[in-house]
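The block underneath contains the structure these notes are about, expressed in structure tokens.
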Amino acid sequence: MLLQGKTVVVSGVGTGLGHRVAEAVVRDGGNAVLGARTEANLATSAAAIDPAGGRTAHRATDITDERQCEALAALAVERFGGIDAVVHVAAWDSYFGGLADADFATWQRVLDVNLLGTLRMTRACLPALRAGGGGSVVLIGTQSAVAAPTQVQQAAYAASKGALTSAMYSLARELGPDRIRVNTVLPGWMWGPPVEAFVRFTARTEGVAEAAVLARLTSRTALPDLATDADVADAVAFLASARARAITGQSLLVNAGEVMR
């Protein structure tokens, strides 16, 4: 198993990608330490992934609060003895618009979550990663950071994730001597709760079938189906594992071939 005996901290666990990542960790033999702002979501996810409760732990965590980040890292050490990887799913992705209508105060809050929050959580895990002889940091970025989407405007989200990808290069160089790898997974249109909701809303708004909306999205991909949140989680599990021991400072698009670089 890819993650046998490894402990992975996963931020942003809800009903979508965060849940799928934590699920993949446990499936592949690891322990998953779940963080998110909503305790009820964490409890539901942990119960579904690990009914016996022996392979998961969770704590309500707002990644804009440094103390809460430190508490989640401490929980991982207390419960499972260390941290081998940290996966950053937590993000603010629900603010839409471009430059002309930008509320820069909101942009600053998006940056505080998506960029600085991720860095806070990473720093909180560093002592345990170093104590264990290294490990992996996997950032969740977005295809929008490298190619502007045509369906929606999310300039603040794209900019914040682009900044995070840029930070990855510095982190990979800084933490490499400690055998800590830092990589980014860039999903495109990812079939899961948010995209399912988008398809339903667009179909209702336009008075067309959901299949027609989905066909627009898949018309731009090389493969005939969208990547799913489970597909992205599988890529994360690989990068978190020792199978990727020589990979750092890299960005992996998981997008069914919509954008190729």
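The residues of the chain are indexed from 1 along the displayed sequence.
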Do [X] side-chain atoms and [Y] backbone N/O form a donor-acceptor pair below 3.5 Å?
X	Y	value
Thr61	Ile63	no
Asp28	Ala237	no
Ser166	Gly162	yes
Asp231	Thr228	yes
Ser136	Leu239	yes
Gln68	Asp62	yes
Arg59	Ala76	no
Asp50	Arg55	yes

Worksheet item: So if you build clusters from Ile, Leu, Val, Met, Phe, Trp, Tyr with side-chain heavy-atom gaps below 4.5 Å, do Leu34 and Leu3 land together?
Response: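 Linked, Leu34 and Leu3 end up in one cluster.
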Worksheet entry | Linked, directly or transitively: Val33 and Ile83 (ILVMFWY side chains, under 4.5 Å) |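 Yes, it is one cluster - the side chains of Val33 and Ile83 are joined through contacts under 4.5 Å.
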Worksheet item: Has Arg179 got more than 12 heavy atoms of other residues, nucleotides or ligands less than 6.0 Å from its CZ?
Response: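 No - once you tally the heavy atoms of other residues, nucleotides and ligands closer than 6.0 Å, there are 12 at most.
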Worksheet item: Under 6.0 Å from the CZ atom of Arg27, do we count more than 12 heavy atoms belonging to anything else shown?
Response: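 Above 12, so yes.
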Response to the item:
Which of Leu129, Leu126, Thr248 passes side-chain contact (heavy atoms from CB on, under 4.5 Å) with Leu175? Answer is Leu126
Worksheet item: Which of these, Ile140, Val89, Leu139, Leu17, sits in a side-chain contact (heavy atoms from CB on, under 4.5 Å) with Val185?
Response: Ile140
Worksheet item: Between Thr44 and Asn41, do the side chains contain an N or O donor and an N or O acceptor separated by less than 3.5 Å?
Response: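 No, because no side-chain N or O of Thr44 sits under 3.5 Å from a partner of the opposite role on Asn41.
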Discussion item. Assess, by modelled atom type and distance only, whether the side chains of Ser219 and Arg216 contain a donor and an acceptor separated by less than 3.5 Å.
Written reply: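 No, Arg216 and Ser219 have no side-chain donor paired with an acceptor closer than 3.5 Å.
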Practice prompt. Would you name the heavy atoms of Phe80 and Gly54 that are closest together and state the gap between them?
Written response: CE2-O, 3.6 Å
